[in-house]
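Quick caveat, the model's predicted, so the values are computed rather than measured.
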Amino acid sequence: MSQGWSARDIPDQSGRTAVVTGANSGIGLHTARELARCGARVLLACRDERRGEEAAARIRYAVRGADVAFAPLDLADLASVRAFAADLPADRLDLLVNNAGVMALPYGRTADGFETQFGVNHLGHFALTGLLLPKLLAAGRPRVVTVSSGLHALSDIDMGDLNSERHYRRWIAYGRSKTANLLFVHELARRARAAGSALVAAAAHPGYAATNLQTAAARMENRRTAERVLALGNRVLAQPASAGALPTLYAATAPGVRPDSFTGPRLLGGRGAPGPSWRAGWTRDDVAGERLWVASEQLTGVTYRGL
């Protein structure tokens, strides 16, 4: 892996179809834009129609001839996830980027009763990937890239309390949801290998990148001082979202990306060009991966046909 890998190194994506969740801003928007710039047909899967359409228009303005479209997807509602998968206007899907997420929110529940961070960050994407699997397997070299975080190190998952019902601590719940992302990738890669499938399941994280993820919770709770401090940190300390998108783009497009790899910024995991990233040992636990998979199937009602 080149230490200087950048968006200029993305291979030609002509003929590929990609779905990027949470593509209306931040990492997702930059990921979608660069994929479109390199010739991919990109579907922006976003919860907010106005912001999704605006993002598609911004990409078309920045990239002449970009083939992009918006489609509604609310990962906090499994009915929306099922509708999105059923309506996907493509016979095959080459790339799925599970990018959307929430961070350190006050306690809440999704439409289906799951704790919000676990429900959106993990279960929504688990269901989406499973429902889109037939179209992924119809592609020659499909990839699924799931965006986790270095903050997965805050906590392993608690199989006895997946929805944080006993005691909710927002940052621990966030860390558990990001650990769940990595365990999902680990188990998906294992199952693809066992089935002899060409599907590559990989993970990435943006390091410390300036997006609205950091300020969303403070804004929701009207904590103005905290919101200003976090926004200042984004301006002064964080790398731009365009740089934060590079690990995702590398995992999504670079030749030779290994299944179950974890790509992040090289400089202390916080910024810089993409490179292999440290991950906690518990994210490679086969038993935990299988247990989480079975629980996720039971909770979402989605099973993976073909793997």
Compute the centroid of each ring, for [X] and then for [Y], and state whether the two points are separated by less than 6.0 Å.
X      : Y      : result
His186 : Trp293 : no
Tyr304 : Phe126 : yes
Phe262 : His205 : yes

Quick check: are there more than 12 heavy atoms from other residues, nucleotides or ligands sitting under 6.0 Å from [atom1] of [X]?
X      : atom1 : value
Arg109 : CZ    : yes
Arg60  : CZ    : yes
Arg37  : CZ    : yes

Should [X] and [Y] count as side-chain neighbours, where that means a heavy-atom distance under 4.5 Å?
X      : Y      : value
Asp77  : Asp112 : yes
Leu249 : Ile10  : yes
Gln13  : Thr253 : yes
Leu105 : Arg170 : no
Pro206 : Pro265 : no

Does the distance from a Lys or Arg side-chain N to an Asp or Glu carboxylate O, for Asp260 and Arg190, drop under 4.0 Å?
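Salt bridge: no.
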
Distance in Å, [X] [atom1] paired with [Y] [atom2], rounded so as to fall on 0.5 Å steps:
X      : Y      : atom1 : atom2 : answer
Glu115 : Arg176 : CD    : CZ    : 9.5 Å
Phe118 : Leu123 : CZ    : CG    : 4.0 Å
Asn98  : Leu132 : CG    : CG    : 9.0 Å
Asn121 : Ser177 : CG    : OG    : 4.0 Å
Leu43  : Thr17  : CG    : OG1   : 9.0 Å
Asp286 : Leu183 : CG    : CG    : 10.0 Å

Carefully, step by step, assess Glu187 and Arg191 under the rule salt bridge (Lys or Arg N to Asp or Glu O under 4.0 Å).
CA-CA 6 Å; Glu187 181 66 6; Arg191 288 175 178 245; 2.8 Å; yes

Of Leu96, Leu73, Leu95, which is the lone residue that meets side chain to side chain contact (heavy atoms under 4.5 Å, CB included) with Val19?
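Going through the options one by one, the only one that passes is Leu96.
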
Whether the side chain of Thr110 engages the backbone of Phe114 through a donor-acceptor N/O pair (distance < 3.5 Å, no angle test) should be reported.
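Side chain of Thr110 to backbone of Phe114, a donor-acceptor pair under 3.5 Å: yes, one is there.
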
Under the side-chain hydrogen bond (donor to acceptor under 3.5 Å, both in side chains) criterion, do Gln117 and Tyr168 qualify, and how do the steps go?
CA-CA 11 Å; Gln117 297 191 80; Tyr168 183 73; 2.8 Å; yes

